[in-house]
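Below is one structure, written out as structure tokens, with a few remarks after it.
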There are 2 protein chains.
Amino acid sequence: MADTKPKQAAPGEEQPPSGTRRRGDVLENAILQAAWEELRETGYGKLTMEAVASRAKTNKTAVYRRWPNKAKLVVATMMKHAPKPSLEPPDTGDLREDVLALLQGLIKPIQIIGSETIKGLMVDFHGDELHAKLTLPPRSEDILVKAIKDILRQADKRGEVKLDTIPERVVGLPVDLVRFELLATHTPLTDEAIREIVDDLFLPLVLRERNH
Amino acid sequence: MADTKPKQAAPGEEQPPSGTRRRGDVLENAILQAAWEELRETGYGKLTMEAVASRAKTNKTAVYRRWPNKAKLVVATMMKHAPKPSLEPPDTGDLREDVLALLQGLIKPIQIIGSETIKGLMVDFHGDELHAKLTLPPRSEDILVKAIKDILRQADKRGEVKLDTIPERVVGLPVDLVRFELLATHTPLTDEAIREIVDDLFLPLVLRERNH
DNA sequence: TCACATAAGGTACGGTACGTACCGTACTCT
DNA sequence: AGAGTACGGTACGTACCGTACCTTATGTGA
């Protein structure tokens, strides 16, 4: 009861200039940066809130004040630090090249994030309201599917395909398959695999009307 | 030191006939049964070794004596209790019907197991030597892909397709897509989706040579 | 038949990580 | 200047893991 004054238990080795207390965005960015580094070094499964806080030179409390759990924190840090695929149609003037370029640009960001993180997030978000956003937008709203459609639209203008005869499944096929490979394997997606997806599957399907 | 005799701390309410101590396979099956029920009721993420042991009316020790961790235990219980897809070619005499039948038979078992369990296992096995088996066999050894190939072989005999002109990717496509849907969504895979996979993607690809 | 290895029952522990509570203190804003 | 806010820091309660250790039943082979 008496003597409730833990104030400064240990005088500390060297109190670094205590006149610098980070706050607001500064601290927030430090945490997100720490989380990002921690994520890339130890992976999602082994990432702990304590380690993130420690690396950011702060403590769990400051982290939990901002994000209620690991999954949300990691999503936040990914939104900030993970490279985003460029979604403008490459527009090389050739359907095949366009699709290849898009897919190759797509895998890099996901490769960096890593399948382990994605799976971990899917598990931790299971049942969460955000779940849908992380797994599958309704396809028609999927930005990557939209990008494919843009490419197809241009090809349609050039007369390479007839867009309105192509089923939605076919449009979404390349993206679905790339995502599947990234989920199901943990080896990097090779250029050869992408070539197969485009040449053996996608192109034959979108171009098939021309065989009539 | 002295008086080391905790023998029977509490005399217990009613010592049920202590003359029945399960052992060997009996106990093992009880644990697997309990794990299976626990898995279906609470899901993989919330399943705990304690709960399994408790439901099996035994204790963690007996569980850990047999399986080193949750993931291995769950795999064991799935091998025992999860229905297995029938892999014999349905052989309805029609390629489309065969593939539809196979896929429809395939989704049921996975549906029962649940995507949450599969994802959880993939996460827990990340880096484990069993990882490959749970995610992707080298495609050429994938029993489901082999089943598709069997179906195609029969169709080839009937003259519906020319098997040796069909790329591996195409053969594996239906299975890959079904797996993807099950991983990426947590809503059940509809018959309509399966129909699309077969009619919009698979059949056009395997039958396309006939358009020449 | 009985001693003994084996394995089940059971308790308790050390360890990790989570998420929360609390307090004192620095900073910011008006 | 004063007050509210948010950071730094510690400590706590919970949950679950995986292990250690001991007691007790079982059934097998000497």
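The sequence lines fix the lettering, A, B, ..., with proteins before strands; numbering per chain opens at 1.
How far OG1 of A:T77 is from CZ of A:R40: 11.0 Å, rounded to the nearest 0.5 Å.
A:K149 and A:E168 are joined by a salt bridge, as a carboxylate oxygen and a charged side-chain nitrogen come within less than 4.0 angstrom of each other. A salt bridge links B:R153 with B:D150: the distance from a Lys NZ or Arg NE/NH1/NH2 to an Asp or Glu carboxylate oxygen falls below 4.0 Å. A salt bridge between B:K46 and B:E41 is absent, with no side-chain N of the basic residue lying under 4.0 Å from a carboxylate O of the acidic one.
A straight line from CD1 of A:I31 to P of D:dA6 spans 13 Å, rounded to a whole angstrom. Straight-line distance from the CG atom of A:L27 to the P atom of C:dT28: 13 Å, rounded to whole Å. We find that NZ of A:K70 is positioned 14 Å from C1' of C:dG19, with the value rounded to whole Å.
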Which pairs, protein N/O on one side and nucleotides 20-23 of chain C N/O on the other, fall under 3.5 Å?
| from | atom 1 | to | atom 2 | distance (Å) |
| --- | --- | --- | --- | --- |
| C:dA21 | N6 | A:T61 | OG1 | 3.1 |

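Between C:dA8 and B:R66, a contact under 4.0 Å exists linking OP1 or OP2 to a side-chain N or O.
When A:E50, A:Q33, A:E38 are each tested for a side-chain hydrogen bond (donor to acceptor under 3.5 Å, both in side chains) with A:R55, only one passes: A:E38.
Near DNA chain C, meaning a heavy atom under 4.0 Å away, the residues from residues 38-58 of chain A are A:L47, A:T48, A:M49, A:E50.
Residues B:D94 and B:T92 bring no donor and acceptor atom of their side chains to less than 3.5 Å of each other.
The aromatic rings of B:H81 and B:W36 sit parallel to each other, their planes meeting at less than 30°, with 60° as the upper class boundary.
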